[in-house]
Every structure is written in structure tokens, then in C-alpha cells.
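We number each residue from 1, following the sequence as shown. Computed from a predicted structure; not experimentally measured. The figures that follow rest on heavy atoms only: side chains count, while hydrogens, waters and symmetry mates do not.
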Amino acid sequence: MRNFLITAVLDIILILISYYLFRAVISGPTRHKIYEKYLSSFAKFVIYIFIASALITGISALILYKTRYVVYLNVIAPSLVSILVGFIISLVPTRGAGDNKEKK
């Protein structure tokens, strides 16, 4: 149980780091275009997260089985998925359609 809690806290920290990193690296209009093109609805968001998580876990499991580091699978696969989740969360727009930058 202790190892699970440590890994969960580290995954949350990794999500936050990747979120702020991708927000700093990718400009706002670019992030908005990516969001509008691929993740414009919550259903797409959930489906893409599921498919990407399954692919990342499967590919990392295959690689770790081939290299005999299978004992690290429960640490590496969730960490890679956490980076993906941080990226996708950074794409979600923070302002609504009616928000204006300028105050009248």
C-alpha cells in the first residue's frame, strides 16, 4: 500500500510538471487549434485518453518484457501515461468563448 501511495503522489507531481511545461512551451493559439481539431468534445477526450493509455501501456510492457525489466512496469507505464495526461490537460482552453482580454 505504501508503494502505491508513493507512486500515486509522484504521478500527480509528474502530471503537474508536464502540464506547466507544455503550457510554457506551446503557445496559446496553437494549443487552442490542437484542442479544436482533436478534442472538441468530452467524448473524444475520454476515448483518446483510453486508447493512448492502452497503447502506451502495451508498448512499454512489450519493451520491458524484451529487456527483462518487467518489474518496473508498474512504475514506468503510469509515469508515461501521466505525461500524456499533462499534455492533454494543457490543451484544454482556460477562457470561455465570451471572455475578453480587454476591459471596456
Side-chain angles (χ1 to χ4, degrees):
M1 184 68 173
R2 184 174 155 251
N3 289 340
F4 171 76
L5 293 175
I6 292 170
T7 305
V9 169
L10 290 176
D11 284 340
I12 290 170
I13 292 170
L14 195 58
I15 288 172
L16 291 173
I17 289 171
S18 63
Y19 167 74
Y20 287 113
L21 180 71
F22 286 120
R23 270 186 71 94
V25 171
I26 303 172
S27 68
T30 305
R31 285 185 285 124
H32 186 70
K33 287 177 188 174
I34 294 171
Y35 177 79
E36 286 294 323
K37 186 171 183 177
Y38 297 109
L39 302 169
S40 58
S41 72
F42 187 70
K44 286 182 185 179
F45 179 80
V46 172
I47 290 169
Y48 287 155
I49 288 279
F50 175 75
I51 291 171
S53 298
L55 284 173
I56 288 172
T57 303
I59 292 170
S60 61
L62 181 69
I63 291 170
L64 292 174
Y65 278 121
K66 295 288 184 180
T67 58
R68 306 285 187 220
Y69 289 109
V70 72
V71 293
Y72 300 111
L73 180 63
N74 290 334
V75 175
I76 293 173
S79 299
L80 294 173
V81 171
S82 296
I83 294 170
L84 172 76
V85 168
F87 171 71
I88 291 178
I89 290 173
S90 73
L91 295 178
V92 177
T94 55
R95 287 193 306 263
D99 293 346
N100 293 328
K101 283 187 174 180
E102 305 170 5
K103 292 185 178 179
K104 293 181 181 180

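No continuous path of hydrophobic side-chain contacts links Val81 to Ile59 [ILVMFWY only; heavy atoms under 4.5 Å]. At a threshold of 4.5 Å between side-chain heavy atoms, the hydrophobic network of Ile, Leu, Val, Met, Phe, Trp and Tyr places Val92 and Ile12 in two separate groups. Under the 4.5 Å side-chain heavy-atom criterion for grouping Ile, Leu, Val, Met, Phe, Trp and Tyr, Tyr19 is not connected to Ile17 through any hydrophobic cluster. If you chain together hydrophobic residues whose side chains sit under 4.5 Å apart, Ile49 and Phe42 fall into the same group. Hydrophobic clustering, with ILVMFWY side chains joined whenever heavy atoms are under 4.5 angstrom apart, groups Ile83 together with Tyr48.
Atom-to-atom distance recorded for Leu55:CG and Ser60:OG is 10.5 Å, nearest 0.5 angstrom. Interatomic distance, CG of Leu91 versus CZ of Arg23, reported as 10.5 Å (0.5 Å rounding). Taking CG of Leu39 as the start and CD1 of Ile89 as the end, the distance is 11.5 Å to the nearest 0.5 Å. One finds the CE atom of Met1 at 11.5 Å from the CD1 atom of Ile6 (value rounded to the nearest 0.5 Å). Atom CG of Asp11 sits about 11.0 Å away from atom CG of Leu16, to the nearest 0.5 Å. Rounding to the nearest 0.5 Å gives a distance of 9.5 Å between CG of Leu84 and CD1 of Ile15.
Thr57 places no side-chain N or O within 3.5 Å of a backbone atom of Ala54 that could act as its donor or acceptor partner.
Around NZ of Lys33, the count of heavy atoms belonging to other residues, nucleotides or ligands within 6.0 Å does not exceed 12.
Closest of all the heavy-atom pairs between Ile26 and Arg31 is O-NE, 3.1 Å.
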Would you give me the side-chain donor-acceptor pairs under 3.5 Å for residues 61-80, sequence neighbours excluded?
unit_1	atom_1	unit_2	atom_2	d
Thr67	OG1	Ile63	O	3.0
Thr67	OG1	Leu64	O	3.4
Ser79	OG	Val75	O	2.7

